[in-house]
Structure formats: C-alpha cells, structure tokens
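See below for the structure under consideration.
Labels below follow one simple rule: chain letters A, B, ... track the order of the sequence lines, proteins then strands, and each chain is numbered from 1. Every value quoted in this text rests on a predicted model; they were computed, and no experiment measured them.
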Amino acid sequence: MIDLKDLRENPDRYKAAVAKKRVNFDIDAFLKLDEEVRLLKNETETLRAAQNAASKEIPKLQGDEKQAKIAEMKQVADKLKASSDKLVVSEEEWKRLRLFIPSIPLDAVPEGKDDSENVEIRKWGEIPSFSFTPKSHIELGNDLDIVDIERGVKIAGSRNYFLKGDGALLQHAVLNYTRDFLIERGFTLLDPPHIVNYEAMEGTSYFPGGEEQAYKLDERDNKYLIGTSEVSLTSYHMDEILDASELPKKYIGYSPCYRREAGTYGKDTAGLYRIHQFYKVEQVVICKNDPAESAKHHAEILKNAEDLIQSLNIPYRVVDVCGGDIGMGQVYKNDIESWMPSRDSYGETHSCSTFHDFQARRLNLRYRDTDGNLHICHTLNNTCIASPRILISLLELNQNEDGSVNIPEPLQSYMGGRTRISKS
RNA sequence: GGUGGAAUGGCCGAGUGGUUGAAGGCGCUGGUCUUGAAAACCAGAAACGGGGAAACUCGUUCGGGGGUUCGAAUCCCUCUUCCACCGCCA
C-alpha cells in the first residue's frame with residue numbers, strides 16, 4: 001500500500017508508476033473518490049462532534065430541559081446514521097481500490113513490457129560445451145532412477161513429481177547447504193507456517209490480485225498455502241512496533257512452496273522447471289525506513305545468492321527486471337537466471353525484491369526510532385535457492401559421458417562424502 | 001468436538017451506561033541529585049485519520065463485525081483468537 005498523502009501531493013508520480021508498471025489503474029478516478037470520502041467524513045465527524053458535546057451536557061441537565069435535549073439529539077442521531085451509511089459505502093470502495101495503487105519504481109528500473117525486456121547487468125561463469133551429447137535433467141533423472149515424473153503425475157496430476165533416492169538426497173543436500181551458508185552469514189532460521197490466513201497474503205501484497213495462483217483450503221478453514229515463505233517471514237512481525245536497535249532483522253525461511261500455476265497451460269510443461277510444489281530457502285530482511293539502507297540490504301542478499309551459486313559453479317546472469325515485469329509493490333527487482341543446458345538458455349532461479357514500505361504499511365509493521373518517533377519499516381526478500389528447479393542446472397552441468405553426475409564439492413559432505421551419482 | 005473463562009495503551013493490569021483516551025505498575029523521554037551510573041524524587045508522552053503555514057483543532061480506536069441507546073470499554077448478537085478442563089487423534 002502506498003502513502004495516500006504522497007499520492008494527493010504527487011499524483012503525476014503515481015500516474016508515471018502506473019504507466020511504467022503497465023498497470024490498469026485510474027489515478028484521477030481514485031483521487032475523485034478520495035475527495036468524496038473526505039467530504040463525507042467531514043460531514044459525519046461534524047455531527048459526531050455535536051453528539052459528543054451533548055453527551056457531556058445531558059447528564060448535567062434536569063427535567064424538561066434534559067428531555068428536550070435528548071429529543072434534539074435523537075434528530076442528530078438519525079442524520080448521523082444516514083451520513084455514516086453513505087460514508088461506509090464510499091469508503092469500502094476506497095479501501096478496496098487503494099490496494100491496487102502501485103508503488104513508484106526506482107529510476108534504475110528499466111522501461112519494458114514484459115520479461116523479454118529485462119536488462120542483463122552482469123554475467124558469471126563459462127557456458128559449458130560438452131564433448132558428447134548431453135542429456136536433459138529429465139533423461140538423467142530417468143536413467144539414474146532419481147526423478148520420477150510419470151508417477152508424480154499419476155497420483156497428483158500434471159506438474160507433479162517424485163524425487164527418488166539420490167535425487168531426493170541431492171535436493172536436501174543443496175537446501176541444507178544453503179541453510180548453513182546463510183546461518184554463517186548471520187541470518188536467523190525460521191521454520192514457518194505453510195498455511196496462512198488472508199491477512200498475511202494481503203499484507204505481503206499477493207492478495208488481492210494473486211488469488212488464482214494460491215491454493216486455498218476449503219471454505220471451513222479459509223486459509224492459504226504459501227507460494228513462498230516470504231509471506232510468513234515478512235508477516236512475522238505484523239502489527240508490531242520494533243525497536244530501532246533490533247533492526248535489521250535478517251531471516252531465512254526454509255519451507256515448501258505451493259503454486260497453482262493457473263494460466264500457464266502448455267508453458268514449460270516438461271520436467272522440473274514449472275511445478276506445483278518445491279522447496280525454497282528464502283532470505284527476508286526488515287530494516288529501517290531509508291532507501292539507502294534498503295539498497296544496501298538488496299545488494300547484500302543478492303550477493304549472498306550469487307556467492308552461493310558461484311560456489312556451486314553454476315553460470316548465471318543477473319537482470320534488472322523491467323517496469324512491466326516488476327510486481328505492483330516492488331520498487332526494484334533483480335532476477336538471477338542460471339544456465340540450463342537443456343533449455344540452451346538461462347532460466348530464472350532467484351528473485352530479489354525491494355519493497356520499501358509497501359508491504360510494511362499493509363502489515364502495520366513499524367519501529368520506534370531513537371528519537372522516540374514511529375516509522376514504517378522497509379522489507380526485502382530474495383531467493384537463496386529453490387529446488388528442484390536448481391537441480392536442472394546441477395544435474396545437467398555436472399553430467400559425465402557415462403551418464404553419471406558429479407556432486408559439486410560443497411554438497412559432498414551433505415551426501416555422505418560421495419562425489420558422484422551413478423546408476424545403482 | 002464439548003464445557004467454562006478471557007481479549008483494554010510499548011508491556012502488565014483496573015475499570016459493568018454519561019466529564020474514561022482510559023486508574024495503577026513496568027518500560028520510555030526530560031529534569032533534580034551524583035565525579036559518573038544506579039536508586040530516589042519531579043515532570044512528560046497513546047496510535048491512526050481529517051482540517052490548518054503553525055499554534056492548534058475535530059474525529060476514530062478498549063480483539064473484528066453488527067445491534068440497543070440521545071450516549072457503549074461497559075448491555076445484546078455474531079465471528080476470530082487465546083487459556084483451562086474433558087473427549088478424540090498423531
């Protein structure tokens with residue numbers, strides 16, 4: 001959610017944001033409604049002030065005088081009811097609409113309509129060339145009997161899978177390695193709820209708007225499966241007032257993630273790329289309300305992810321996500337795309353977002369500064385590893401001509417010291 | 001699932017229809033005292049929104065929503081959450 005005062009003072013900046021993010025929102029119409037709501041509010045409040053004054057006066061009055069005043073106030077109460085009924089209707093729409101006003105992207109966010117116009121800002125690693133015909137992760141998974149997509153689909157429908165034996169072990173190796181990597185860098189591990197209420201989804205700005213992508217429990221529970229532990233971690237301090245001295249808060253979420261992938265029929269149907277359920281080790285930072293501070297942490301969590309995939313020797317590139325591809329709430333976003341030989345291209349594996357106060361304002365997440373004043377926090381998040389998508393790169397890049405796969409050095413201790421996966 | 005109890009400010013907690021935005025305590029800020037700190041004492045301070053250049057002013061908020069009333073933290077309905085006990089289950 002944005003600061004409405006800022007919107008009233010700088011409507012043009014928000015119109016520019018709407019244009020840059022390719023969002024469908026009429027700023028002028030909203031401002032008109034905003035004006036209307038404030039007029040109604042004024043009217044209601046004036047009547048209520050009269051009522052409050054009378055309710056101090058009435059107990060002091062006696063007899064006829066008292067009865068006359070009560071009769072008079074009965075009229076006022078009726079007027080107030082009519083006025084506040086009108087206000088409630090307008091205000092409801094006002095509250096609904098303001099959740100759709102996008103934040104203002106930083107100047108660094110490039111113009112562009114969709115992910116095809118994201119801008120590469122750096123590259124790391126050598127794209128490998130194989131002296132033999134490399135297999136895809138699907139073939140490797142089948143041949144080594146470590147990925148079973150067919151049976152996953154049989155029991156759970158499309159975009160589901162089993163990891164089996166060394167495949168499952170490799171996944172937990174890379175996740176646990178990442179977990180320890182971040183703990184080493186001062187993050188606090190949280191094992192979060194995977195099922196959350198509407199407030200957490202709205203507070204992190206997935207709702208309203210993203211309902212189609214989230215699995216919802218049935219009506220009697222009215223809860224949602226998280227698509228990322230960002231939801232749980234960023235909401236962790238919802239409605240709290242933190243002390244400035246506690247900031248920044250740096251958390252790691254280690255959780256499964258569930259996504260409906262509605263509207264992606266026919267896209268990335270093969271293999272482990274686009275699936276309904278995966279694990280993610282996620283970084284979340286809550287910091288002071290200062291763009292420079294946010295920028296510093298953005299660089300830090302981006303670097304953590306880059307350092308990690310460098311340690312796994314996966315070639316990647318970093319892109320500036322363009323206006324049309326960035327979310328409604330984010331003010332700046334980088335994706336890291338890892339090299340995937342079978343796709344003969346980079347595939348998105350990480351997403352690093354700065355929100356400034358957009359989420360924190362919705363979550364009512366504040367801190368008290370040393371001067372005693374309250375401020376709304378800033379929030380950020382970045383993937384550190386998401387699996388099994390990263391297994392595409394890991395399996396395909398480390399394959400040998402004989403069909404075996406080398407286990408990257410940092411993961412070996414997480415797999416009992418073994419150095420390769422081969423057919424048993 | 002059943003029965004009972006509860007939800008008040010940063011925290012704890014008093015408050016059962018009118019001057020209660022709310023006693024008291026803790027914590028916080030400033031001051032006195034002290035070489036400094038602690039203790040003690042004095043003083044200050046809720047959040048959110050509207051109007052205003054400002055001083056200031058108006059409104060809202062006692063878990064959420066609805067109702068009764070001229071007037072609700074207080075009475076009624078409803079939902080949510082928490083606690084206790086019982087039942088069931090991992």
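In this structure, the nucleotide among G50(B), A47(B), U19(B) sitting nearest to the side chain of K56(A) is U19(B). For K41(A), the listed nucleotide lying nearest its side chain is G49(B); candidates were U81(B), G49(B), C48(B). Of the candidates U81(B), G50(B), G71(B), the closest approach to any side-chain atom of K223(A) belongs to U81(B). Of the listed nucleotides (G50(B), C48(B), C70(B)), G50(B) has the atom at the smallest distance from the side chain of R8(A).
When the P atom of G18(B) is taken as reference, atom CD1 of I70(A) falls 14 Å away, rounded to whole Å. As rounded to whole Å, 11 Å separates atom P of G71(B) from atom NZ of K81(A).
Nucleic acid contact for I241(A): sugar-phosphate only, since backbone atoms but no base atoms lie under 4.0 Å from a heavy atom of the residue.
With the nearest nucleotide of RNA chain B identified for both A50(A) and R368(A), R368(A) has the one nearer the 5' end. Each of A71(A) and K66(A) was matched to the nucleotide of RNA chain B holding its nearest heavy atom; the match closer to the 5' end belongs to K66(A).
U74(B) is unpaired under the Watson-Crick or G-U wobble criterion, no partner having all donor-acceptor distances under 3.5 Å. Nucleotide G21(B) is matched to nothing when pairs are restricted to Watson-Crick or G-U wobble geometry with both distances under 3.5 angstrom. The partner of C88(B) is absent, by the rule that a Watson-Crick or G-U pair needs both atom distances under 3.5 Å. With a cut-off of 3.5 Å on both Watson-Crick or G-U wobble distances, the partner of C41(B) is given as G31(B). In this structure, A47(B) forms a base pair with U60(B), meeting either the Watson-Crick or the G-U wobble geometry with both donor-acceptor distances under 3.5 Å. Pairing for A54(B) is absent, judged as Watson-Crick or G-U wobble with the two contacts each under 3.5 Å. Shown here, C82(B) forms a base pair with G5(B); the pair counts as Watson-Crick or G-U wobble because both key distances fall under 3.5 Å. If you check G10(B) for Watson-Crick or wobble pairing at under 3.5 angstrom, you find it paired to C26(B).
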Could you write out each protein N or O paired with an N or O of nucleotides 55-58 of chain B at a distance under 3.5 Å?
none

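For D6(A) and N10(A), the side-chain atoms include at least one donor-acceptor pair closer than 3.5 Å. Judged by distance alone, the side chains of S342(A) and S136(A) never bring a donor and an acceptor atom under 3.5 Å apart. Looking only at atom types and distance, the side chain of H298(A) has a donor-acceptor partner in the side chain of T354(A) under 3.5 Å away.
Between Y215(A) and Y224(A), the ring centre distance reaches or exceeds 6.0 Å.
For the pair R343(A) and Y273(A), the cation-pi test (distance below 6.0 Å, angle within 45°) is passed.
In K249(A), the NZ atom is crowded: over 12 heavy atoms of neighbouring residues, nucleotides or ligands sit closer than 6.0 Å.
A close approach under 4.0 Å does occur between a side-chain nitrogen or oxygen of R366(A) and OP1 or OP2 of C48(B).
Aromatic ring orientation, F30(A) versus W94(A): parallel (interplanar angle below 30°, classes split at 30° and 60°).
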